[in-house]
2 protein chains.
Amino acid sequence: MAIRTRQSQRRRQALSRERIIEAAVELLDAAGEGGLTVRALTERLATGSGAIYWHVGTRGELLDAATDTVIAAALAAEPARAPDTPQDEIRVVALGLFDAIAEHQWLATQLAIQLTRSPWGPVTLGIFESIGRQVRALGVPQGNWFTATSALVHYILGATIQNAQIGEDTSVAEPDADRADADRAEFLDAASRAWQELDPGDYPFMRAIADQMREHNDREQFLAGIDLVLTGITHLQPPTGQAHIAE
Amino acid sequence: MAIRTRQSQRRRQALSRERIIEAAVELLDAAGEGGLTVRALTERLATGSGAIYWHVGTRGELLDAATDTVIAAALAAEPARAPDTPQDEIRVVALGLFDAIAEHQWLATQLAIQLTRSPWGPVTLGIFESIGRQVRALGVPQGNWFTATSALVHYILGATIQNAQIGEDTSVAEPDADRADADRAEFLDAASRAWQELDPGDYPFMRAIADQMREHNDREQFLAGIDLVLTGITHLQPPTGQAHIAE
DNA sequence: ACCTGAACACCGTTCAAGT
DNA sequence: ACCTGAACACCGTTCAAGT
């Protein structure tokens, strides 16, 4: 009963690479990575397994294509209000990724897999380019572009992966926004309580910050981290030709 | 022929949870996540599949246990020279994770999976605690502990995941250190050339930094990012009770 | 308590055959 | 060129049976 099969009797749309990727994203959203099986896909699309391989290739290639598609859409999405400084633009791009991963939790793992397997594949390239342009607009000296952009991108990816399941909802449905808020408060409360019960000998730090956890807002916290990195970028020493002249 | 079966005829060590995890790590190191199958494991350990389930549980639980074990070891490892400032200690912890993931590439994905599924599981907790203690030692005001620690941890995780395959070797074997260096130079050169051939309309930034890629050292670059975040932490505003009094 | 291994359900992929 | 679906090899997990 879990997943409703939306179109099983006769095919409504012609089969195509795009249609297959779209259906794959629906399955992934509904049931996670394990939910995307060739059989479930052929059933949903009312076709045979060979058709999938004809249009997109193996299951792995389909996963890559789904990841590329969703990330590219998140990077291309125009924000409601036009940002007027490079800092704002960076926040917009970062929140775009943050929300995309919250909406499609399977993205966190897929992103990590692509990052590991091909560190400079299309996905990473797109993210670096988006952030890098704003770093340039910030007036950072050219020799620091790579360091500054890497720091931002890596912070964004790490934070975004950890917040995948916490951030949920936000932009999707309004009706149960209250319920989502309640869920999150409950989650934070549980985490906070768990930390307070940790062995003080092993986890003195986590115990000490247990209080802060309760009253913390994921998006605000995420943006505070962005600001911290931006501050670090502002104070970068202009690079020398040779690294580490004086250590 | 690929993987040498080290002990097949008769069992040399008594079967135990620890022995199974050890063998799992060997399989993962040799052939990645796909290389860890229950059948390969039972063959290597000269046992039946039921024994695995008796001692550790499902394949997923075994993957979690392997991840926990390797990360805990990386965090507990004592550095060659004792670090004498909190900043140095942070660099030591960060490089410990950097090297662990370079040595065990499958860790990058597993870490991301655990981070997504249980954001405050034992792995994340251990990393936060290690870094958090040093943030406290740095003299950061308590209200900023969480923000500062998150920024560091998320940067470290993001950077470390992307550098998983580039960083390889380093601490393992000396004989082919030259060869590994050559491999990396080749890799960087290829990336640099690929960026120079990108469409200037779509990727102006990546084209502009293609040169920097060639002469870049992963570990130095990683540490430069750490320093950037540390600088940002130093310049954090002391927090107010209510967030965003004046926007 | 600890271990064996056949049996089961499910999976990705291929490919001869159709249109 | 595009699609079908049976067949194949392989997988994780269970469990009655052994010690």
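All chains are named by letter (A, B, ...) in the order of the sequence lines, taking the proteins before the strands, and each is independently numbered beginning at 1. Keep in mind that this is a model prediction, so the values were computed, not measured.
- The CG-P distance, from A:L15 to D:dA1, rounds to 17 Å in whole Å.
- The NE2 atom of B:H55 sits 13 Å away from the P atom of C:dA1 (whole-angstrom rounding).
- Here D:dA1 presents its P atom at 6 Å from CH2 of A:W54, a figure rounded to the nearest Å.
- Partners of A:H104 under the side chain to side chain contact (heavy atoms under 4.5 Å, CB included) rule, at least two apart in sequence or in another chain, are A:V25, A:D29, A:V70, A:W106, A:L107.
- Side-chain contact check for B:L157 versus A:I161: every heavy-atom pair is 4.5 Å or farther apart.
- D:dC2 atom P lies 12 Å from atom CD1 of A:I20, rounded to whole Å.
- Between B:E33 and B:R59 a salt bridge is recorded (basic side-chain N to carboxylate O distance below 4.0 Å).
- Contact detail for B:F98 and B:R219: the closest heavy-atom pair is CE2-CG, 3.8 Å.
- The aromatic rings of A:F146 and A:W120 sit tilted, their planes meeting at an angle between 30° and 60°.
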B/S/- along nucleotides 8-19 of chain D (protein heavy atoms under 4.0 Å) is ---BBBBB----
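- If you measure from atom CD1 of B:I52 to atom P of C:dG5, you get 13 Å, rounded to the nearest angstrom.
- The closest side-chain heavy-atom distance from A:T124 to A:Q114 is not below 4.5 Å.
- Looking only at side-chain heavy atoms (C-beta outward), B:I113 and B:T67 stay at 4.5 Å or farther from each other.
- Each of B:L97, B:L95, B:I127 was scored for a side chain to side chain contact (heavy atoms under 4.5 Å, CB included) with B:I156, with one residue passing: B:L97.
- For DNA chain C, the stems formed by at least three consecutive Watson-Crick or G-U pairs, with both atom-pair distances below 3.5 Å, span C:4-8 with D:12-16, C:12-16 with D:4-8.
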